[in-house]
Amino acid sequence: MAAQGTSSSPLSGTSATSTLPQELPSTTPLTSTAISESPRESKASSPSPQPQLASPEDPLPIAAFYGPLDAKNPLLASFEKEIRELLGFMKKKQVLVTTAEEKHEFHRRCATSLFNIWTKYAPRLPDDYYNEKLLKVGDSLCQMKFHALSAKNICNYQLLCDADVNLQNKESVSKCLSILFSLRLIMEVALPQDHLCWIIFNGTIYIYTICRKLMIVGQSSKALEYLLWASMCMESSVSLLSVRYLTWRATLYTAVCQCYYDCQGGVHGEAFARRGLAKIDELRQLELMSSSQSQDESKRYFREATIKMAVMIFKRGVFESRRKVKTIFRPKIRLNLKEAQSLPWPRTITDRLLDEMFDSSASRFLAVLEALSDPNRRILQTGPVVSDEVELRDVVSELFIAGKELLIISSIGPSGTIGFHNTPLTELMIERTNVISLDAAVKFIKLAFTYEEWGLFESLAMQLIYFLQRQDDPQSKKAEKDLTLLIAIEPLINLKKNKGLILPLDSYKEGESAQIYLKHVVSHDSYVRNYGYSEDIFHLAAVLYVCVCNSPQDVQPDKEIVVDMIMFLWQKCKLGIQKISMSRNDYTKFTQKIHSNKVFLFCFPSDVFFVIVNSSCNIYISNLEFPYLCP
């Protein structure tokens with residue numbers, strides 16, 4: 001949650017139950033035991049038809065009359081109370097006025113009330129106290145303005161996401177950039193004033209949230225400058241340089257590095273990570289000179305931030321260190337990676353680099369995942385790494401060998417059974433544990449699928465599925481659906497039945513487990529009983545239907561996988577449908593059947609395929625535009 005200073009979170013709205021004129025309070029009346037009535041109040045309450053102003057010879061007592069100028073002074077206490085109540089009311093109600101007329105009336109009433117307070121107390125307060133309080137009230141009003149503008153920007157962003165969740169329209173992306181620009185302007189004004197650091201901190205959170213959305217939809221180049229700005233703001237605010245905010249600074253640094261890598265600027269990503277590492281070390285040196293915080297707590301902050309930066313450095317360094325220098329001919333004897341897999345750790349150059357940079361299985365595994373990940377590549381976009389350099393392809397293979405070894409030593413017990421923790425991998429790496437989290441293992445298996453390491457993928461996927469079947473939480477069930485779909489489509493992608501370079505797990509029986517499991521998945525489906533399941537493509541359609549349409553909403557499989565599989569089936573069926581000879585009336589009936597939100601059949605001379613267009617699957621296909629079918 002964003003820091004809020006003295007105000008409530010801009011994301012938590014407050015609903016109005018009454019109109020503004022009824023809610024607006026007048027200034028707090030003064031009691032007789034506190035101070036005498038002001039001339040303005042005396043004039044209003046006097047029974048005389050022609051009230052007279054107080055003469056200069058008989059003014060109301062000044063603040064010093066009641067004693068020292070401290071919190072116990074009744075005049076100062078009354079003044080502070082009225083100011084505090086008015087500002088509190090303004091903070092609470094400013095978000096509730098919507099129309100121009102309501103805003104005008106709200107500003108008029110608040111300004112009048114504030115002016116009355118100033119004129120009532122001004123003659124009775126010391127000049128230095130009065131001027132100081134005047135500046136503080138003005139500063140509070142300025143903060144309220146910042147707060148309101150930030151809240152307006154976030155509301156606009158939420159409305160934008162509701163209308164276009166994937167930011168598919170160019171206009172939506174442009175609006176996001178306008179919101180980011182507005183947030184940056186607010187932070188520019190607040191940045192020189194360190195007491196407004198909470199506005200800076202909130203602004204970095206808002207910018208990060210919007211930029212992460214842009215990165216997910218492939219707009220990292222547009223998000224980069226704003227993430228850089230947020231990182232610099234965290235460094236420029238003295239109050240935000242403390243260890244307490246180090247984890248968030250490291251998160252911003254990591255996002256900047258990821259943007260650079262997404263934009264094919266790996267050299268800049270590594271340079272920024274090294275810069276971040278230097279900033280973290282500077283803070284560590286300052287922390288050693290003070291004892292303001294618990295050493296154990298500080299060590300956790302520094303360890304997490306350091307590992308994040310080290311992972312970003314490793315992401316490029318593991319490849320660049322192996323590139324061949326073109327100006328120098330230096331023949332190398334390549335390591336036989338098939339044979340190396342039977343050697344003890346560390347076996348390869350990548351293994352040794354992991355040992356040098358990281359000190360636990362969890363942190364090493366995180367580095368492997370980050371080095372293999374490519375946000376510009378979807379899971380079903382399979383194929384080896386795109387490079388003409390053999391050395392880089394060897395690095396990818398070595399990363400998978402290392403990842404497999406880390407999974408085995410961390411998650412497989414003496415009996416051969418596999419087990420994982422639901423704790424996030426970042427928490428495990430902070431604790432220096434040698435275990436792997438469930439979500440990290442699933443991601444590694446999906447990467448094996450993408451890079452066509454079929455033997456490793458199938459053996460690990462089946463072992464993990466058997467573990468997931470014994471779990472009851474939605475995360476495990478969702479992961480089971482994802483892996484089931486990938487196992488079902490693998491025979492249709494791996495037509496040559498390749499196994500890849502990485503050896504499967506020793507305990508895995510090739511092919512048998514996957515076939516038996518898929519038959520069990522669709523054995524209870526009526527379509528399979530009626531038509532059989534001899535064809536792989538029919539298998540895939542049946543499994544897709546079961547995993548999506550027969551599953552609760554909280555355990556739905558990955559949207560990206562489902563959409564890509566629907567498109568895959570569509571491409572397989574499209575040519576056959578176009579060959580079907582039908583009259584215009586028959587075609588009309590056919591298209592109506594497609595749009596009926598029920599399961600429909602694609603009929604071919606020798607095969608029958610069915611694809612999902614079920615009402616429970618609309619979430620996956622609502623944003624797709626299928627090609628027009630010619631009769």
Side-chain angles (χ1 to χ4, degrees), residues 378-383 442 445-446 448-450 452-455 457-462 464-465 468 477-499 510-551 555-577 594 598-614 616-621 624 626-627:
R378 299 171 75 89
I379 296 175
L380 265 63
Q381 291 178 337
T382 59
V442 173
I445 295 173
K446 290 179 179 179
F449 179 94
T450 302
E452 295 186 344
E453 291 293 347
W454 301 118
F457 160 73
E458 188 173 314
S459 60
L460 285 177
M462 290 310 306
L464 186 56
I465 284 176
L468 295 173
K477 295 303 178 185
K478 182 181 181 300
E480 180 185 354
K481 299 289 190 304
D482 291 348
L483 297 180
T484 299
L485 290 174
L486 294 180
I487 288 175
I489 200 174
E490 185 265 336
L492 295 169
I493 297 177
N494 183 22
L495 299 177
K496 296 182 180 180
K497 307 299 180 184
N498 294 328
K499 296 303 175 185
E510 185 177 320
E512 297 180 5
S513 301
Q515 295 175 5
I516 296 173
Y517 173 72
L518 289 179
K519 289 181 180 180
H520 174 72
V521 170
V522 297
S523 62
H524 302 292
D525 194 87
S526 59
Y527 297 102
V528 177
R529 290 199 301 269
N530 291 339
Y531 298 108
Y533 38 86
S534 59
E535 298 292 337
D536 288 332
I537 194 168
F538 189 87
H539 253 133
L540 174 61
V543 172
L544 184 58
Y545 176 80
V546 171
C547 289
V548 176
C549 299
N550 289 357
S551 300
V555 294
Q556 287 289 309
D558 186 2
K559 180 179 179 179
E560 176 189 314
I561 296 177
V562 173
V563 170
D564 286 351
M565 286 189 173
I566 291 176
M567 297 304 296
F568 178 86
L569 287 171
W570 171 249
Q571 294 298 326
K572 292 291 184 181
C573 302
K574 180 176 63 176
L575 295 177
I577 293 177
I594 290 179
K598 297 179 180 178
V599 175
F600 65 89
L601 302 179
F602 287 137
C603 300
F604 292 84
S606 60
D607 300 300
V608 178
F609 305 113
F610 72 86
V611 183
I612 309 168
V613 189
N614 188 277
S616 63
C617 310
N618 284 342
I619 185 175
Y620 296 104
I621 62 175
L624 293 180
F626 288 92

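Excluded from the calculations below are hydrogen atoms, water molecules and symmetry mates; all remaining heavy atoms, backbone and side chain alike, are included.
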Drop me the distance from [X]'s [atom1] to [Y]'s [atom2], to the nearest 0.5 angstrom.
X: Leu460; Y: Ile445; atom1: CG; atom2: CD1; value: 5.0 Å
X: Glu490; Y: Glu452; atom1: CD; atom2: CD; value: 9.5 Å
X: Ile561; Y: Phe449; atom1: CD1; atom2: CZ; value: 8.0 Å
X: Leu540; Y: Met565; atom1: CG; atom2: CE; value: 5.5 Å
X: Trp454; Y: Ser459; atom1: CH2; atom2: OG; value: 13.0 Å

Min side-chain heavy-atom separation [X]-[Y] under 4.5 Å:
X: Ile566; Y: Leu544; value: yes
X: Leu483; Y: Met462; value: no
X: Val562; Y: Gln556; value: no
X: Glu458; Y: Ile487; value: no
X: Ile489; Y: Asp564; value: no
X: Thr484; Y: Val546; value: no
X: Pro557; Y: Glu480; value: no

Shortest non-hydrogen separation from Ala479 to Val442 and the atoms involved: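 Looking at all heavy atoms of both residues, the closest pair is CB-CG2, 3.8 Å.
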For the student: nearest non-hydrogen atoms of Leu495 and Leu492, plus distance: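 The answer is CD2-O, 3.4 Å.
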Backbone N/O of Ile379 and side chain of Glu560: donor-acceptor pair under 3.5 Å: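 Present.
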Main-chain N/O of Asp558 paired to Asp482 side chain as donor or acceptor, under 3.5 Å: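 Yes, because the side chain of Asp482 sits within donor-acceptor range (under 3.5 Å) of the backbone of Asp558.
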Partner of Leu380 under side chain to side chain contact (heavy atoms under 4.5 Å, CB included), chosen from Leu486, Leu485, Thr450: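 Looking at Leu486, Leu485, Thr450, the match for Leu380 under the side chain to side chain contact (heavy atoms under 4.5 Å, CB included) is Leu486.
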